[in-house]
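Below, each value reflects all heavy atoms present in this structure, side chains not excepted, and no hydrogens, waters or symmetry copies.
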Amino acid sequence: MTNRDKMMTVFRDALDSVLPGNLVREVLQYEAGVLTVGGKSHDLAACREVHLFGSGKAAVETARALKAALGERVAGGLVVSNYAAEIAGIEVFESSHPVLTDKSIRAAEMLMERIGALSPEDFFIYVLSGGSSALIEKPAPPITLADMQTLVKGLLANGVPIEDLNVVRKHLSLVKGGRLGRLSRARGIVLVVSDVIGDDLEAIGSAPLYFDRSSYGDTEAILKKYGLWEKAPASVRQVVEAGLGGGIAETPKAPNPLL
């Protein structure tokens with residue numbers, strides 16, 4: 001074996017070890033109606049229906065591996081990706097990345113509707129990965145898609161760190177910062193493929209199902225720090241000011257008891 005062959009073997013082994021499907025198979029076990037993930041068991045036999053949702057650049061392969069493991073126990077679901085794909089029994093919606101478009105809004109609306117329609121007797125699994133910040137978005141009224149596009153472009157042009165960018169996104173959205181997860185009455189679990197150093201769950205995909213410790217005050221401070229407060233669309237300032245005054249509820253500050 002040549003040195004090149006050895007290097008290619010190491011490369012392929014390293015790549016295989018982080019493929020979403022392989023990661024799922026390593027952490028998940030399903031037997032006799034019981035799903036065990038990370039040492040915690042969930043009795044799917046006791047649930048009415050099991051639904052599979054997801055968003056992100058790795059969501060399709062993660063969902064495909066889950067569907068293969070759970071088989072017909074999955075009643076349906078929706079996965080939002082940045083490319084077209086097919087998963088038996090699961091709808092895949094091709095959204096936009098890295099730039100928000102009307103597809104991003106449609107994807108968020110579909111997830112909001114379907115997650116919100118679950119009953120307390122149902123169970124869902126959400127596969128989340130990087131890219132979700134652009135793939136799913138529902139701006140808080142009266143912010144429009146064009147307003148959000150303008151703001152994000154300004155943030156990126158000013159070199160705003162991703163951590164600060166996500167704080168702003170969370171407080172101008174109806175799905176980020178834990179808000180999507182709060183729409184469900186069903187219990188569920190979230191499987192995360194991290195693309196963030198340190199694996200901060202508040203940062204990955206702008207945390208649609210995780211709680212958020214930042215605030216509207218932080219959002220205002222970030223926009224002012226980078227000279228974007230006065231340049232931001234009036235609708236953005238209106239939402240932030242409403243949040244500061246208590247007219248809009250803060251993002252969830254504690255773990256979701258159903259997850």
Side-chain angles (χ1 to χ4, degrees), residues 9-83 85-92 111 114-115 118 122-133 135-136 166 176 178 180-181 184 186-212 254-259:
T9 298
V10 171
F11 171 76
R12 292 191 186 97
D13 288 346
L15 186 61
D16 287 344
S17 71
V18 295
L19 288 176
N22 291 339
L23 292 175
V24 166
R25 285 183 281 272
E26 288 178 5
V27 302
L28 176 148
Q29 181 179 2
Y30 181 60
E31 186 175 356
V34 177
L35 173 66
T36 302
V37 181
K40 187 174 181 179
S41 296
H42 308 271
D43 185 5
L44 301 189
C47 302
R48 188 176 72 96
E49 291 184 339
V50 177
H51 294 261
L52 179 56
F53 301 106
S55 59
K57 292 178 286 185
V60 166
E61 292 306 316
T62 309
R64 183 173 283 125
L66 273 167
K67 181 62 169 61
L70 299 179
E72 296 303 317
R73 190 64 186 92
V74 176
L78 170 66
V79 173
V80 180
S81 176
N82 59 321
Y83 59 91
E86 293 185 2
I87 305 175
I90 305 294
E91 181 177 358
V92 178
L111 282 170
R114 298 190 190 190
I115 288 177
L118 298 179
D122 292 326
F123 187 88
F124 73 91
I125 304 170
Y126 196 106
V127 292
L128 175 70
S129 61
S132 293
S133 294
L135 290 168
I136 60 171
N166 281 345
K176 294 179 168 65
L180 178 61
S184 177
R187 297 191 64 82
I189 59 173
V190 184
L191 299 182
V192 183
V193 178
S194 174
D195 64 343
V196 174
I197 295 175
D199 302 334
D200 182 1
L201 294 177
E202 290 188 45
I204 301 168
S206 297
L209 296 101
Y210 197 66
F211 70 92
D212 170 48
N256 189 330
L258 295 177
L259 296 175

Quick note, salt bridge (charged side-chain N to carboxylate O under 4.0 Å, His left out) partners involving residues 39-53, not counting sequence neighbours, are Arg48-Asp122

Lys176 side-chain N/O to Ser133 backbone N/O, donor-acceptor pair under 3.5 Å: yes

The reported gap from CG in Asn82 to OG in Ser132 (rounded to nearest 0.5 angstrom) is 10.0 Å

Check: So, do Ile115 and Phe53 sit near enough that their side-chain heavy atoms are less than 4.5 Å apart?
Finding: yes

So the salt bridge (charged side-chain N to carboxylate O under 4.0 Å, His left out) pairs with at least one residue in residues 201-212 (sequence neighbours excluded) are Lys170-Asp212, Glu202-Arg213, Asp212-Lys253

ring-ring contact (aromatic ring centres under 6.0 Å, His included) filter on Phe124, not counting sequence neighbours, yields none

Salt bridge (charged side-chain N to carboxylate O under 4.0 Å, His left out) pairs touching residues 60-70, sequence neighbours excluded, are Glu61-Arg64

Residues passing the salt bridge (Lys or Arg N to Asp or Glu O under 4.0 Å) test with Arg73, sequence neighbours excluded, are none

Item to check | Note, Val127 side chain near Val193 side chain (heavy atom, < 4.5 Å) | outcome: no

* Flag yes if more than 12 heavy atoms outside Phe11 fall under 6.0 Å of its CZ atom; otherwise flag no. => no

Separation between CG (Leu209) and OG (Ser184), nearest 0.5 Å, reads 9.0 Å

Which of Leu66, Leu52, Ile125 passes side chain to side chain contact (heavy atoms under 4.5 Å, CB included) with Val74? Answer is Leu52

Q) Does any N or O in the side chain of Ser129 come within less than 3.5 Å of the main-chain N or O of Ala58, such that one atom is a donor and the other an acceptor? A) yes

**Prompt:** Mind checking whether Thr36 and Leu28 have side chains closer than 4.5 Å, heavy atoms only?
**Reply:** no

Return yes if some donor-acceptor pair links the side-chain N/O of Asn166 with the main-chain N/O of Ala203 below 3.5 Å, else return no. yes

Q | Heavy-atom check, side chain of Val192 versus side chain of Val190, under 4.5 Å | A | yes

Tell me if the centroids of the rings in His51 and Phe123 come within less than 6.0 Å of each other. no

Within the distance-only criterion (no hydrogens, no angle test), does the side chain of Ser55 pair as donor or acceptor with the backbone N or O of Leu128 below 3.5 angstrom?
-> no

Hits for salt bridge (Lys or Arg N to Asp or Glu O under 4.0 Å) against Arg114, two or more places apart or cross-chain, chain-then-number order -> Glu91

Practice problem: Compare all side-chain heavy atoms of Leu78 with those of Ile90 and state whether any distance is below 4.5 angstrom. | Solution: no

